[in-house]
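Worksheet: the structure to be examined is printed underneath.
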Amino acid sequence: MTAVLTIAVLVLVGIAVWQMTKIFELSQTRAKSGNSEVATDEDNRYNGYLMFVFLVFIYGITIFSFWKYGKYILPEASSAHGAEYDSLLLWSFVIIFIVQFITQALLHYFAYKYRGKEGTKALFFADNNRLEFIWTIIPVIVLAGLILWGLYTWTNIMDINEEDDPLIVELYAQQFNWTARYGGADNVLGEANVRLINIDRANILGLDESDPNASDDIIVKELHLPVGRKVNFKFRSQDVLHSAYMPHFRAQMNCVPGMTTEFSFTPTVTTAEMRQRPETVDKVKRTNALRAEKAAMGEPNSDPWEFDYVLLCNKICGKSHYNMQMKIIVETEEEYQAWLEGQQTFNETMASMQP
């Protein structure tokens, strides 16, 4: 792969040198002949019309993209803070599109209206304090409003206090998988350190075996969350920078080697409820239609798909980054407790490893 990229770069450099040589020769020829090829009024008029055509193309491709690909956006958020997050994002896009619509229309209109005409001299202002004040103060007010709203939203989202009895869960990242750890019956995570990892004893997260809080910790490869209960996540990374991304919950936090980061949210929609939503049913139907086509051609990984929440890595962390994911199951409190009771504690796992 490196050899191919090297060859491609050399070819492109050669083409660039060749083109620059041609441009230099052409400029020398025109300088000697005195032919400056000044645009005529007809040229400028055609260019003005083409600017209008391009304006229509911009608006047309934007409308087409919303119509064609709008169904692929994330559904309604499944976390308590998600609605406020989506509202902030929506208003940001509304402002962006309004400004884009106005400025692009003016840009292309002016390119036509003030096109070059023989005998017409351009009029310009060296400065205009009123105009400069207007186009400075309006963005300042809008951006200040968005920033303040964003800070307020971020402060609410980053509420990681433990006063309302949240569930404590650790998400441990390593190339290229996730591991979840629950605090067990006491809902307190035991101390852990990467230097204490012992694969032979199945201590894959480096838990301190002398810490009594670690004895009932539960280590799993599938994340279960009770609906309606706040969850405080603690993130660690064993090797490189990862990013825990849970798109349906509008949650993301970097996992940094050597430190613990935190994030909190409350799930509001169970997996079963999410699977019944019309947009989810439609997505599953479209996906399985494509998988059926691949299965008919004998392609691998074409089994029917069922919706699940998912934890992804949102940092390019290596060659298998694309496959670094974990299934998330949101269920009722009763279902969650039943699942939790069926899991082995850290002490039980250690005991099973004894000869």
Next on the checklist: Under a 3.5 Å cutoff, is there a donor and acceptor pairing between the side chains of E84 and S87?
Outcome noted: no
Checklist entry - Side chains of N254 and S243: is there a donor and an acceptor less than 3.5 Å apart? => result yes
Next on the checklist: Quick check: do Q174 and S237 have side-chain heavy atoms less than 4.5 Å from each other?
Outcome noted: no
Checklist entry - So do L311 and Q325 actually touch side chain to side chain, heavy atoms under 4.5 Å? => result no
Item to check | Side chain proximity check, T287 to K283, heavy atoms < 4.5 angstrom | outcome: yes
Checklist entry - Does a donor on one side chain sit under 3.5 Å from an acceptor on the other, for E262 and N232? => result no
Checklist entry - Any sub-3.5 Å donor-acceptor pair from D239's side-chain atoms to Q175's backbone N or O? => result yes
Checklist entry - Any donor-acceptor pair under 3.5 Å linking the side chain of R236 with the backbone of L205? => result yes
Item to check | Test item: H242 side-chain N/O and P257 main-chain N/O as donor-acceptor pair under 3.5 Å | outcome: no
Checklist entry - So how far is it from L340 CG to T345 OG1, rounded to the nearest 0.5 Å? => result 10.5 Å
Checklist outcome for this item: K315 meets the salt bridge (charged side-chain N to carboxylate O under 4.0 Å, His left out) criterion, sequence neighbours left out, with none
Item to check | Aromatic contact, Y309 with H248 (centres under 6.0 Å) | outcome: yes
Checklist entry - Would C317 and V240 count as a side chain to side chain contact (heavy atoms under 4.5 Å, CB included) if you check the C-alpha gap in whole Å, the side-chain angles of each, and the deciding distance to 0.1 Å? => result CA-CA 7 Å; C317 57; V240 299; 3.9 Å; yes
Next on the checklist: Quick one: does any side-chain atom of N203 pair with a main-chain N or O of G206 as donor and acceptor, under 3.5 Å?
Outcome noted: yes
Item to check | Heavy-atom closest pair, residues Y336 and H224 | outcome: CE1-O, 3.6 Å
Extract all donor-acceptor atom pairs below 3.5 Å that involve side chains of residues 62-72 and protein atoms in other chains or at least two apart in sequence.
residue: T62; atom: OG1; partner: I58; partner atom: O; Å: 2.8
residue: S65; atom: OG; partner: I61; partner atom: O; Å: 2.7

Item to check | Closest approach of R181 to A192 (non-hydrogen atoms, all atoms of both residues) | outcome: NH2-CB, 3.8 Å
Checklist outcome for this item: Value for OG (S320) from CZ (F176), rounded to nearest 0.5 Å, stands at 5.0 Å
Next on the checklist: Using 0.5 Å steps for rounding, measure from the CD1 atom of I328 to the CH2 atom of W178.
Outcome noted: 10.0 Å
Checklist entry - In Å and rounded to the nearest 0.5 Å, what is the CG to OG1 distance from L89 to T153? => result 11.0 Å
Item to check | Derivation and outcome, side-chain hydrogen bond (donor to acceptor under 3.5 Å, both in side chains), residues Q252 and N314 | outcome: CA-CA 8 Å; Q252 178 172 316; N314 211 20; 2.9 Å; yes
Checklist entry - Do S264 and V231 come close enough that some side-chain heavy atom pair is under 4.5 Å? => result no
Next on the checklist: Any donor-acceptor pair under 3.5 Å linking the side-chain atoms of Q337 with those of E341?
Outcome noted: no
Checklist entry - Step by step, would you call V256 with L241 a side chain to side chain contact (heavy atoms under 4.5 Å, CB included)? => result CA-CA 5 Å; V256 185; L241 185 66; 3.7 Å; yes
Item to check | T268 side chain vs S78 backbone, donor-acceptor pair below 3.5 Å | outcome: yes
Checklist entry - Ignoring hydrogens and geometry, is there a side-chain-to-backbone donor-acceptor pair from T103 to V99 under 3.5 Å? => result yes
Next on the checklist: Can you tell me which residue among L167, D216, D217 is in a side chain to side chain contact (heavy atoms under 4.5 Å, CB included) with Y182?
Outcome noted: L167
Checklist entry - Are the side chain of N187 and the backbone N or O of P166 linked by a donor-acceptor pair below 3.5 Å? => result yes
Checklist outcome for this item: Of all heavy-atom pairs linking V269 and R277, the shortest is CG2-NH2, 3.3 Å
Next on the checklist: Enumerate the ring-ring contact (aromatic ring centres under 6.0 Å, His included) contacts for residues 265-301, please, sequence neighbours excluded, ordered by first and then second residue.
Outcome noted: F233-F265, F249-F265
Checklist entry - salt bridge (charged side-chain N to carboxylate O under 4.0 Å, His left out) between K234 and E170: does it pass, once the steps are laid out? => result CA-CA 5 Å; K234 299 180 183 297; E170 178 185 78; over 6 Å; no
Checklist entry - Which atom pair, heavy atoms only, marks the closest approach of A77 to A83? => result CB-N, 4.3 Å
Next on the checklist: So that I know where these two stand, are Y59 and F101 an aromatic pair - ring centroids less than 6.0 Å apart?
Outcome noted: yes
Checklist entry - Would you say T270's side chain and E273's backbone share a donor-acceptor pair under 3.5 angstrom? => result yes
Checklist outcome for this item: Contacts of F346 meeting ring-ring contact (aromatic ring centres under 6.0 Å, His included) (sequence neighbours excluded), chain-then-number -> none
Checklist entry - Taking only residues two or more places apart in sequence or in another chain, which ones pass ring-ring contact (aromatic ring centres under 6.0 Å, His included) with Y172? => result none
Checklist entry - Can you say whether the rings of Y112 and Y49 are parallel (under 30°), tilted (30 to 60°) or perpendicular (over 60°)? => result parallel
Next on the checklist: Does this structure show an ion pair linking D308 with R275, if we count only N-O contacts that are shorter than 4.0 Å?
Outcome noted: yes
Checklist outcome for this item: Looking only at heavy atoms, the pair that brings V227 and T332 closest together is CG1-CA, 4.1 Å
Item to check | Note, I329 side chain near E222 side chain (heavy atom, < 4.5 Å) | outcome: yes
Checklist entry - Can you list the steps and then say if R250 with L74 is a side chain to side chain contact (heavy atoms under 4.5 Å, CB included)? => result CA-CA 10 Å; R250 310 303 192 262; L74 286 170; 3.9 Å; yes
Checklist entry - Which pair of heavy atoms, one from I218 and one from G184, lies closest together, and at what distance? => result CD1-CA, 4.5 Å
Checklist entry - Using 30° and 60° as the class limits, which term best fits the ring planes of F57 and F54: parallel, tilted or perpendicular? => result parallel
Checklist entry - Transitively linked via ILVMFWY side-chain contacts under 4.5 Å: V330 with V310? => result no
Checklist entry - Between W305 and V284, is a side chain to side chain contact (heavy atoms under 4.5 Å, CB included) present by the stated rule, with each step listed? => result CA-CA 7 Å; W305 174 72; V284 171; 3.5 Å; yes
Item to check | Gap between atom CD of E209 and atom OG of S215 - 0.5 Å precision | outcome: 11.0 Å
Next on the checklist: Once ring-ring contact (aromatic ring centres under 6.0 Å, His included) is applied, do any residues pair with Y152, and if so which ones, sequence neighbours excluded?
Outcome noted: none
Item to check | T136 (side chain) donor-acceptor with F133 (main chain) under 3.5 angstrom | outcome: no
Checklist entry - Is a donor on one side and an acceptor on the other found under 3.5 Å between the side chain of T280 and the backbone of Q276? => result no
